[in-house]
Amino acid sequence: MTGENLVTAPKNSYPPGDLAIWFFILAELTAFFALFATYAVSYRIHYPLFAAMQPTLDARWGAVNTVLLLLGSWGVARAVVAAKAASPQEGRRSSTWLLLGVACGFLFLVSKGFEYAAKFRAGIDLDTNLFFTFYFSLTAFHAMHVLLGVVILAIVAVKARHGSYHRDATVGIETAASYWHMVDLVWLILFPLLYLLTIPV
Amino acid sequence: MEDPAAAKRRRLIDVTALILLVATVGAAALSEWGRQQVAGERLSYFLLLLAVGKGLAVVDVFMDLRPVVWRWRGLLWTWVVGAVAICGALILG
């Protein structure tokens, strides 16, 4: 073995967690890409409507949503590191970090509820126009993934509390973390497409 | 004794999270400013570039795909760059 081999980080053949989750993640990303592309094509076709409607969305709500998901992802990533460094006796450490992810996901759903409520009070719903059909469809479809992520993280947190994850057993927590980061990743692209672009009519 | 590799990864995660949070707040503030100033498309391109950077950081650091062979990391990089480039070109083009 050469000195270079000793200092170079090893390349893994497979991503973290169960390999099956990565095929699921790729399928989900494909579905979201199709939705994003449909939104973008509709934006181009119905440009005046979309450009006029987009500023009516409150970017501050979108920013709050993004901050919550990023904080959740931070907690989940730290949970995986904690599990990987823990001996079988110290396996509970990751549970607290996972609960941060659960809390952030829950708060994301609550903030989405407030955002939707404000729209409904203003008389805006799925049928208002094509832009809001996309707005509600994209965000609700994503929120369903967040809800599933919260459930998965809560189950994994309970298992972590019982010491199920440690340096010799990380597949479960890595699988859950990979799903959660996918949910975060999708939102990071959805956020600017839906809330942030500033195009004059 | 603390594992140096774990400590390094923890620091990387913390710093990345902090940068992503600052970038998010900055992007929202820029967007609000852009709407008032009618700054137009250039700002939108910048916001999309920022989204690409944030997405790649999530893939590499949070998902921990940096040490993974390129066929997996590359698929996710392609999704991030491709989704933003195609949608951005359709919307702004």
Side-chain angles (χ1 to χ4, degrees), chain A residues 9-16 22 25-26 29-30 32-33 36-37 39-44 47 50-51 54-55 59-60 62-64 66-67 70-71 73-78 80-82 84-85 167 174 177-178 180-182 184-186 188-193 195-200, chain B residues 2-3 5-7 9-10 13-14 16-18 20-21 24-25 27-35 37-41 43-44 47-48 50-52 54-55 57-59 61-73 75-76 79-80 82-84 86-93:
Chain A
K11 282 277 177 188
N12 301 328
S13 296
Y14 294 103
W22 288 95
I25 284 171
L26 291 177
L29 291 179
T30 306
F32 271 106
F33 172 73
F36 292 170
Y39 167 76
V41 169
S42 300
Y43 200 115
R44 195 176 178 87
Y47 167 70
F50 278 56
Q54 193 171 37
R60 287 169 297 186
V64 168
T66 313
V67 165
L70 285 173
L71 279 176
S73 263
W74 172 61
V76 170
R78 288 294 299 265
V80 174
V81 176
K84 280 181 171 175
R167 69 171 71 101
E174 284 179 339
S178 299
W180 184 258
H181 296 317
M182 181 273 289
D184 188 17
L185 180 64
V186 167
L188 286 180
I189 307 303
L190 182 56
F191 173 50
L193 289 180
Y195 289 84
L196 292 187
L197 296 186
T198 54
I199 307 165
Chain B
E2 192 181 34
D3 177 13
R9 172 137 177 81
R10 267 201 302 274
I13 289 169
D14 291 350
T16 304
L18 188 63
L20 290 177
L21 288 172
T24 297
V25 175
L30 267 178
S31 176
E32 286 291 318
W33 174 81
R35 282 174 190 174
Q37 303 293 320
V38 199
E41 289 183 15
L43 181 60
S44 296
L47 292 172
L48 288 178
L50 201 60
V52 170
K54 287 160 72 178
V58 167
V59 170
V61 180
F62 287 169
M63 285 181 158
D64 201 15
L65 290 191
R66 211 160 48 124
V68 174
V69 290
W70 258 103
R71 62 174 169 265
W72 286 103
R73 189 185 179 199
L75 277 172
L76 271 82
W79 185 86
V80 172
V84 173
I86 291 170
C87 295
L90 282 167
I91 293 172
L92 301 172

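Throughout, protein chains are lettered first and strands after them, A, B, ... in sequence-line order, and every chain is numbered starting at 1. For clarity, every value in this text was computed on a predicted model and none was experimentally measured. All heavy atoms count here, side chains included; hydrogens, waters and symmetry mates do not.
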Please classify the contact between [X] and chain A as side chain, backbone, both or neither, with a heavy-atom cut-off of under 4.5 Å.
X	answer
B:Ile13	both
B:Leu76	side chain
B:Ala5	neither
B:Arg71	side chain
B:Leu75	side chain

Non-hydrogen side-chain atoms of [X] and [Y] separated by less than 4.5 Å:
X	Y	value
A:Trp74	B:Val61	no
B:Trp79	A:Ile189	yes
A:Leu26	B:Trp72	yes

Task: Heavy-atom pair of closest approach, residues B:Leu47 and A:Leu196 - done: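 That would be CD1-O, 3.5 Å.
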Open item on the list: Restricting to non-hydrogen atoms, name the atom on A:Ala63 and the atom on B:Thr24 that form the minimum distance, rounded to 0.1 Å.
Closed with: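 Reported closest heavy-atom pair: O-CG2, 4.0 Å.
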Open item on the list: If the threshold is 4.0 Å, N to carboxylate O, is there a salt bridge linking B:Asp64 and A:Lys84?
Closed with: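 The answer is yes: the pair qualifies as a salt bridge.
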Please flag which part of [X] lies under 4.5 Å from any non-hydrogen atom of chain B: side chain, backbone, both or neither.
X	result
A:Val186	both
A:Val67	both
A:Ala177	neither

Open item on the list: According to side-chain hydrogen bond (donor to acceptor under 3.5 Å, both in side chains), who are the partners of A:Tyr195, at least two apart in sequence or on a separate chain?
Closed with: A:Lys112, A:Glu115
- [ ] With sequence neighbours excluded, tell me which residues meet side-chain hydrogen bond (donor to acceptor under 3.5 Å, both in side chains) with A:Trp22.
- [x] none
Open item on the list: Strictly distance-based, threshold 3.5 Å: is any side-chain N or O of A:Arg44 a donor or acceptor partner for the main-chain N or O of B:Gly93?
Closed with: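 Side chain of A:Arg44 to backbone of B:Gly93: a pair is present.
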Hey, could you give me the [atom1]/[atom2] distance between [X] and [Y], rounded to the nearest 0.5 Å?
X	Y	atom1	atom2	answer
B:Phe62	A:Leu70	CZ	CG	6.5 Å
B:Met63	A:Ser73	CE	OG	8.0 Å
B:Leu20	A:Thr66	CG	OG1	10.5 Å

Task: Other residues, nucleotides, ligands: >12 heavy atoms within 6.0 Å of B:Arg73 CZ - done: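 Enclosed: over 12 neighbouring heavy atoms sit under 6.0 Å from CZ of B:Arg73.
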